[in-house]
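It should be emphasised that the depicted structure is a prediction, and the values quoted were computed from it without experimental measurement. Within every chain, numbering begins at 1; the chains are lettered A, B, ... in the order of the sequence lines, protein sequences first and strands thereafter.
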2 protein chains.
Amino acid sequence: MADVAAGALIEALRADGFRVTAPRRAICEALAAHHDDHLTASTLHAAAEHRSVARIDISTVYRTIDALEQAGLLHHVHLGHGPAVLHLSDHVQHHHLTCEVCGLTIDIGIGELEELTQSVAERHGFTIDSGHFALIGRCRAHEG
Amino acid sequence: MADVAAGALIEALRADGFRVTAPRRAICEALAAHHDDHLTASTLHAAAEHRSVARIDISTVYRTIDALEQAGLLHHVHLGHGPAVLHLSDHVQHHHLTCEVCGLTIDIGIGELEELTQSVAERHGFTIDSGHFALIGRCRAHEG
DNA sequence: CTCGATGCAAAGGTTTTGCACCAGG
DNA sequence: CCTGGTGCAAAACCTTTGCATCGAG
C-alpha cells in the first residue's frame, strides 16, 4: 500500500507537469513508506537513497520537496529547534506538541485548535495555517 | 526608563552569579531599549554594538542570551522560518501570528490560547510553553 | 531535440565551539 | 589570583544556488 501512495504522488507530479525521474520515485516511495515518522529532509534523503541504486543528492531531495509542495502534496512544519518535518497533505491532519527538552513529539487532532483558529481569524484577519507549526512546551517527563 | 530595566537585568545577572561586563551591559541596554521590536540575535548584536565603544562579537551576544535565559529573564521564540526572536520575560506575554508570505508578525494576547493550553495539558500531559512558538499562517493581504 | 532535473561543489544564514587572552570579583 | 567572559576564527547545521551534464517527454 506504500506503493499505491507512492504511485499517487508520482502521478500527481506528472499531472502537474513535473518530470518523473528515478530519484523522485525513490523519494516518493520513501515518503509513502515512512509517512508517520516525522521525516526531515535529511532522514528522507537517507531513506530514499536506501531504496535507490544510485546516489541521490540532498539538493535533489530539497528540490523534490519543493515540487511536491508546489503540487500541494506535501507540507513542511517547523518544530521549535531543529529541521522542518514533512507531512503528506492527504494524511490525517494533526498538530505537534514538541518537548523543548527532549524533542518528543506528540500528535494531536486538528480539532483541538479549531475554536482558536476561528476566533483569531475573526479578530485579527489572520488565517492560521494550522498544519504549519508546532506547539512547543514540556512533556510529562520534563515538567517544571 | 530603558536604563532602569537594563539595570534590573544587570542586577539579576549578578544575583545569579554571572559576571557583569561591558558587553553585557550594552546588550542588556539594547534589550531594554528595543524590547518590543522583535529583536533577533543579529539585530540585538547591531543595537548593542551601536551603544558600545568596543567591538562586540556575535558569539558574545549568543552567550549573553544563554545567560539571560538561564537566569529566566529572557525567552526566545521560533517564528516559522528565519531566526528566533527575543523577549524579556517580565513583559506582557503575547503570541505571534506570523505571515508565511511576508513575515508580518502580529502580537496577540496570551488569553486567546488559554483554553487550548488547558485542554491539551489535561488530555496529553503536555504543558504548552505558550511564550515559545508562533502561529504561522497568512495575513489579510496574503490570504488564499 | 529541448528543457527540466541531477550531482557536485560552493555558499548562505543562523548558531555553536575551541582557544588563547583579558578582566571581574 | 582564579575562574568566567571575550574576541577571533572556524565549524556545525540546515538549506539554497550555480553550473555543466544527463535524460524524460
Side-chain angles (χ1 to χ4, degrees), chain A residues 9-28 30 38-46 48-49 51-71 74-86 98 100 103 134, chain B residues 9-28 30 38-46 48-49 51-71 74-86 98 100 103 134:
Chain A
L9 290 174
I10 288 293
E11 285 320 309
L13 274 184
R14 203 195 304 278
D16 259 61
F18 292 101
R19 289 190 184 164
V20 173
T21 64
R24 289 193 171 166
R25 266 184 228 279
I27 291 167
C28 289
H38 294 113
L39 283 167
T40 65
S42 103
T43 54
L44 173 58
H45 177 222
E49 221 171 19
R51 326 185 137 240
S52 162
V53 217
R55 249 199 122 303
I56 297 179
D57 195 76
I58 186 68
S59 64
T60 297
V61 174
Y62 279 106
R63 288 188 274 231
T64 300
I65 291 172
D66 279 354
L68 290 166
E69 291 194 336
Q70 276 175 50
L74 187 70
H75 291 305
H76 70 272
V77 182
H78 298 279
L79 271 41
H81 315 60
V85 310
L86 307 168
T98 302
E100 60 194 339
Chain B
L9 290 174
I10 288 293
E11 284 320 308
L13 274 184
R14 202 196 304 277
D16 259 61
F18 293 101
R19 288 190 187 166
V20 173
T21 64
R24 289 192 172 165
R25 265 184 229 280
I27 292 168
C28 288
H38 293 115
L39 284 167
T40 64
S42 102
T43 55
L44 174 58
H45 177 222
E49 222 171 19
R51 328 185 135 239
S52 162
V53 218
R55 252 201 120 289
I56 297 179
D57 196 74
I58 185 67
S59 63
T60 297
V61 174
Y62 279 105
R63 288 187 274 228
T64 300
I65 291 172
D66 279 355
L68 290 166
E69 291 194 335
Q70 276 174 51
L74 187 71
H75 291 307
H76 69 273
V77 182
H78 298 278
L79 271 42
H81 314 59
V85 310
L86 306 168
T98 302
E100 60 194 340

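Between the C1' atom of D/dC14 and the CG atom of A/D66 lies a distance of 14 Å, rounded to the nearest Å. The CZ atom of A/R25 sits 15 Å away from the C1' atom of C/dT6 (whole-angstrom rounding). What separates CZ of A/F18 from C1' of C/dT6 is a distance of 15 Å, to the nearest Å. In this structure, the CG atom of B/L13 is 15 Å from the P atom of D/dG4, given to the nearest Å. One can place CG of A/D16 at 15 Å from P of C/dG4, the figure rounded to the nearest angstrom. Rounded to whole angstrom, the span from the CD1 atom of A/I58 across to the C1' atom of D/dC13 amounts to 12 Å. Between the P atom of D/dG5 and the CG atom of B/L68 lies a distance of 12 Å, rounded to the nearest Å. To the nearest angstrom, P of C/dT15 lies 8 Å from NE2 of B/H76.
Distance CD1/A/I27 to CZ/A/R24: 8.0 Å, rounded to 0.5 Å. In this structure, A/R63 CZ and A/I58 CD1 are separated by 11.0 Å, a value rounded to the nearest 0.5 Å.
Distances shown here put a side-chain N or O of B/R55 below 4.0 Å from the OP1 or OP2 atom of D/dC8. Distances shown here put every side-chain N or O of B/T21 at or beyond 4.0 Å from the OP1 or OP2 atom of D/dG5. For B/Y62, a side-chain nitrogen or oxygen approaches OP1 or OP2 of C/dT15 to under 4.0 Å. Under 4.0 angstrom from either OP1 or OP2 of C/dG4 there lies no side-chain N or O belonging to A/R24.
Of the candidates A/V77, A/T40, A/L74, A/T43, A/L74 is the only one forming a side-chain contact (heavy atoms from CB on, under 4.5 Å) with A/L86.
Minimum atom distance to the side chain of A/D57 is reached by C/dG7, of the listed C/dA23, D/dT15, C/dG7. Comparing atom distances between the A/S59 side chain and each of D/dT15, C/dG4, D/dT17 picks out D/dT17 as nearest. Ranking D/dC2, D/dA24, D/dG7 by closeness to the B/T60 side chain, first place goes to D/dG7.
With 3.5 Å as the limit, one finds no donor-acceptor pair spanning the side chains of A/T21 and A/R25. Looking only at atom types and distance, the side chain of B/E69 has no donor-acceptor partner in the side chain of B/H75 under 3.5 Å away.
For B/H78 and A/H81, the distance between ring centers is under 6.0 angstrom.
Using a 4.0 Å heavy-atom distance criterion, B/R63 is classed as a base contact. When heavy atoms are screened at a 4.0 angstrom cut-off, B/A41 is found touching the sugar-phosphate backbone but no base atom. Note on B/A67: nothing from the nucleic acid sits closer than 4.0 angstrom, heavy atoms only. Across all strands shown, B/A54 has no heavy atoms under 4.0 Å from either base or sugar-phosphate atoms.
For D/dG5, its base never sits under 3.5 Å from the side chain of B/R19 at any donor and acceptor pair.
DNA chain C is contacted by both B/R14 and B/A84; B/A84 maps to the nucleotide lying nearer its 5′ end (nearest heavy atom per residue). Heavy-atom nearest nucleotides on DNA chain C were determined for B/H78 and for B/A22, and the one closer to the 5' end corresponds to B/H78. When each of B/I56 and A/G82 is assigned the nucleotide of DNA chain D bearing its nearest heavy atom, the one mapping closer to the 5' terminus is B/I56.
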